[in-house]
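Beneath this line is the structure, given in structure tokens, with notes to follow.
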Amino acid sequence: EAQVTQNPRYLITVTGKKLTVTCSQNMNHEYMSWYRQDPGLGLRQIYYSMNVEVTDKGDVPEGYKVSRKEKRNFPLILESPSPNQTSLYFCASSPWTGGNEQFFGPGTRLTVL
Amino acid sequence: DAKTTQPTSMDCAEGRAANLPCNHSTISGNEYVYWYRQIHSQGPQYIIHGLKNNETNEMASLIITEDRKSSTLILPHATLRDTAVYYCIVADQTGANNLFFGTGTRLTVIP
């Protein structure tokens with residue numbers, strides 16, 4: 001089944017403890033991205049990647065890192081999480097850049113205490 | 001990317017057509033109209049998109065006015081599982097794929 005998977009789905013952590021949210025797609029898509037969703041603010045793009053080893057900042061990249069060492073995986077790294085990073089995170093992929101038909105993962109609900 | 005205006009909420013009776021309007025009066029010539037929906041905190045789901053012609057797929061139909069300043073998403077026979085927030089998005093295809101979701105329309109399908 002074609003899908004985007006994220007792990008973990010739920011995470012409660014404490015300020016400053018490094019964490020990684022994994023994202024994987026099995027559709028051989030070139031494009032992948034990360035969004036966060038907060039009440040009243042909609043979805044905002046954090047980082048995106050147009051292909052392996054090619055990443056770029058979205059609208060709200062501060063406090064996040066990403067890597068794209070292989071086409072299927074696009075992990076989101078929070079080196080020193082803070083409470084304002086408490087949010088619902090979505091990973092998405094698309095078969096080609098510019099296509100805008102994005103496939104979204106199920107989401108990761110992160111709480112930083 | 002151009003911004004869109006959608007009603008905050010709508011109700012629709014089960015089995016009837018749901019018509020969701022969207023205004024995008026500042027859309028530019030190379031921007032497409034995309035529709036996504038999000039069912040209660042699940043990942044958004046792509047529905048349909050179009051440039052200027054009407055489009056139909058297995059999920060919905062998209063009607064775009066001739067001047068392209070507004071569009072309507074039509075779910076022909078709404079079911080309870082169609083209850084969701086529907087987002088109308090205008091975007092070009094330059095590569096960043098940064099979709100601006102806004103606040104959307106919360107559609108409630110009533111039994």
Side-chain angles (χ1 to χ4, degrees), chain A residues 2-7 9-10 21 23-25 27 29-51 54-61 74 87-111, chain B residues 1-9 22 24 27-52 55-60 62 64 71 73 84-106:
Chain A
Q3 60 183 348
V4 178
T5 57
Q6 296 179 224
N7 283 291
R9 295 289 314 280
Y10 302 90
V21 183
C23 173
S24 183
Q25 51 93 4
M27 297 169 280
H29 286 171
E30 292 183 350
Y31 176 92
M32 298 184 74
S33 66
W34 277 102
Y35 292 84
R36 61 178 288 176
Q37 185 172 32
D38 304 289
L41 296 176
L43 280 89
R44 294 176 292 169
Q45 192 182 59
I46 304 170
Y47 268 95
Y48 65 95
S49 169
M50 292 192 182
N51 215 323
V54 180
T55 64
D56 211 342
K57 296 177 180 178
D59 296 323
V60 288
F74 190 44
S87 187
L88 180 58
Y89 290 86
F90 291 103
C91 179
S93 73
S94 179
W96 62 285
T97 57
N100 287 321
E101 300 103 272
Q102 297 189 32
F103 295 79
F104 283 79
T108 295
R109 188 169 293 279
L110 172 66
T111 301
Chain B
D1 290 346
K3 295 293 177 63
T4 63
T5 303
Q6 300 178 249
T8 302
S9 63
C22 179
H24 32 79
I27 191 170
S28 61
N30 63 341
E31 289 181 318
Y32 289 70
V33 180
Y34 290 82
W35 283 85
Y36 280 77
R37 72 180 182 183
Q38 186 174 24
I39 298 172
H40 187 58
S41 296
Q42 295 180 20
Q45 177 188 22
Y46 164 81
I47 301 172
I48 197 168
H49 77 281
L51 183 61
K52 51 185 176 181
E55 302 287 344
T56 295
N57 63 19
E58 65 279 3
M59 289 182 67
L62 173 61
I64 302 174
S71 61
L73 178 74
V85 178
Y86 287 77
Y87 297 97
C88 170
I89 302 164
V90 293
D92 59 28
Q93 298 189 344
T94 56
N97 291 24
N98 185 358
L99 300 177
F100 180 76
F101 277 78
T103 53
T105 295
R106 182 172 297 278

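Heavy atoms only: backbone and side chains are in, while hydrogens, waters and symmetry mates are out.
Atom CZ of Arg106(B) sits in a sparse spot, with 12 or fewer heavy atoms from other residues, nucleotides or ligands closer than 6.0 Å.
Gln37(A) touches chain B through its side chain: at least one heavy atom from C-beta onward sits under 4.5 Å away, while N, CA, C and O do not. Interface remark: Arg109(A) contributes side-chain atoms only to the contact with chain B (heavy atom separation under 4.5 Å). Within the 4.5 angstrom heavy-atom criterion, only side-chain atoms of Tyr87(B), from C-beta onward, approach chain A.
Side-chain contact between Asp59(A) and Phe100(B): absent, with no pair of heavy atoms (C-beta onward) separated by less than 4.5 Å.
Of all heavy-atom pairs spanning Leu88(A) and Ser41(B), the tightest one is CD2-O, 3.9 Å.
We find the CD1-CD distance between Ile47(B) and Glu101(A) to be 13.0 Å, quoted to the nearest 0.5 Å.
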